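One structure below.
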Amino acid sequence: MPPTDLPLTGYDAVEFWVGNAKQAAHYYRSAFGFRPVAYAGPETGVRDRVSYVLEQRAIRFVFTAALGPDHPVADHHRRHGDGVRDVAFRVPDAEEAFALATERGAAVHREPEVLADEHGKLVVAAISVYGDTIHSFVQRDEYSGPYRPGYVALEQEPVTGDAGLELVDHVVANVELGEMDRWSRFYEDILGFSQLRHFDDEAISTDYTALMSKVLWDDEGRIKLPINEPAAGRKRSQIDEYLEAYGGPGVQHLALATDDIVSTVAELRDRGVGFLEVPEQYYAEARERVGQVDERWEDIERLGILVDRDDEGYLLQLFTEPVQDRPTLFFEIIQRHGSRGFGVGNFKALFEAIERAQAERGNL
Ligand code: FE2
């Protein structure tokens, strides 16, 4: 039995370390419909970095950049480009979560620390995971400020309203060949997750690419963490391309859930978000495979949305192009109608689309 004594209430925030937090925040505000809610920087007494906190419904993103050359955020950016530093979890007791995780073998990143200001107190601790990625444990039940002590509230609206993005559905890691099992055991043994799905390279392969994936989850469905590793293909896989461009393992994509994917994707496309294009032939096959859906097929096809069905229901999903210069992090937009899957029926069409983009970059 997995340990159930380390409850994670959900995602607290995803923190990105970037080269230019002001511009990244503007991109997520204007293109993805996030609302800037908090800020820390020189004006608030933080001398070495700036952070912008943005929210949309239950999603919280933090963008942090260094203010000088000799700073861990600058080093991280030099090595990885823009990317996810921290997938932070909300916990009822951060000291206890940290003590249990580290007793079971998690590497210490930050000892528990109580942060306080006029809005109350917040406790934070962190462990290191794959690559330079960390998981913070955040206890904020006694904190009412805009984000954490040291941050001031920002009152800005999204440039053109929100985009209907509700919550983080899953966070996917890319790790090196042979490392998937080690990290899946880490989440099982240390955080008490269990394995929800396993895709081998038979399920996920094209003429060029093969990869393997295991999905770890918290048994409640609040947190789902797929882990990919490359498998030997005839050419360089998308996971290999990521590992090279990112300089090691890291977060490959974040899936953001919506209750109305047709209007969310129409909205994002209007605002200039680029998506992977699926071949026209996809839809004849998809209508056959998936059958009756609540949405209109003409909308699905017009917006290039992918559809998959399993024995529990169906899901609609779509993948953005990488959101920074390096071919590393991208987003998935997902709407679930009962299915708890990940769109395995779309993997082939999807990977062929990724490979076309990879070939255009000269990386296939
Ligand atoms: Fe995904």
Side-chain angles (χ1 to χ4, degrees), residues 11 14 32 58-59 61 83-84 87 130 133 165-175 180 183-184 187 193 195-201 203-206 209-218 221-231 237-239 241-243 246 249-259 261 264-265 268 273-278 282 286 290 304-310 312-323 327-355 357-358:
Y11 301 100
V14 177
F32 283 84
I59 309 166
F61 287 168
V84 172
V87 179
Y130 46 86
T133 314
L165 297 168
E166 297 281 347
L167 51 88
V168 175
D169 184 272
H170 57 275
V171 178
V172 183
N174 280 343
V175 300
M180 176 180 69
W183 286 108
S184 98
Y187 285 99
F193 283 39
Q195 203 173 301
L196 177 64
R197 293 278 196 287
H198 175 209
F199 305 108
D200 62 18
D201 49 349
I204 315 182
S205 65
T206 64
T209 295
L211 67 85
M212 295 184 285
S213 187
K214 281 186 175 176
V215 182
L216 283 300
W217 77 320
D218 64 348
R222 283 191 289 250
I223 298 170
K224 295 188 280 283
L225 306 175
I227 303 170
N228 298 330
E229 72 172 28
S237 80
Q238 49 164 307
I239 312 299
E241 186 194 39
Y242 174 100
L243 292 169
Y246 197 67
V251 172
Q252 178 208 39
H253 74 268
L254 295 169
L256 306 178
T258 168
D259 291 336
I261 197 165
T264 294
V265 170
L268 295 178
V273 175
F275 291 95
L276 286 180
E277 298 304 332
V278 283
Y282 170 84
V290 177
I305 295 167
L306 303 167
V307 192
D308 195 25
R309 182 183 286 284
D310 59 26
E312 295 177 306
Y314 71 99
L315 62 80
L316 304 113
Q317 63 185 168
L318 189 54
F319 298 84
T320 71
E321 295 167 346
V323 290
T328 52
L329 180 75
F330 59 89
F331 286 89
E332 172 181 351
I333 309 299
I334 186 167
Q335 181 175 8
R336 296 183 180 278
H337 287 271
S339 169
R340 291 185 298 167
F342 293 85
V344 70
N346 288 321
F347 284 0
K348 195 174 167 67
L350 173 66
F351 292 163
E352 285 166 356
I354 291 176
E355 285 156 10
Q358 219 180 314

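Remember, it's 1-based here, ligands and their atoms both numbered in the order they're listed. Note that the structure is predicted; figures quoted are calculated from it, not measured.
- Here the CD1 atom belonging to Ile261 is positioned 8.0 Å from the CD atom belonging to Gln317, to the nearest 0.5 angstrom.
- Taking 2.8 Å as the limit, the number of protein N, O or S atoms around the Fe ion (ligand 1) is 3.
- Here the CG atom belonging to Leu216 is positioned 4.5 Å from the CD1 atom belonging to Ile227, to the nearest 0.5 angstrom.
- With ring centers used as reference points, Phe61 lies 6.0 Å or more from Phe32.
- The distance from the CD1 atom of Ile59 to the CG atom of Leu256 is 4.5 Å, given to the nearest 0.5 Å.
- If you take CD1 on Ile334 and CZ on Phe342, they are separated by 7.5 Å, rounding to the nearest 0.5 Å.
- With hydrogens and angles ignored, the 3.5 Å screen pairs a side-chain donor or acceptor of Thr320 with a backbone N or O of Phe331.
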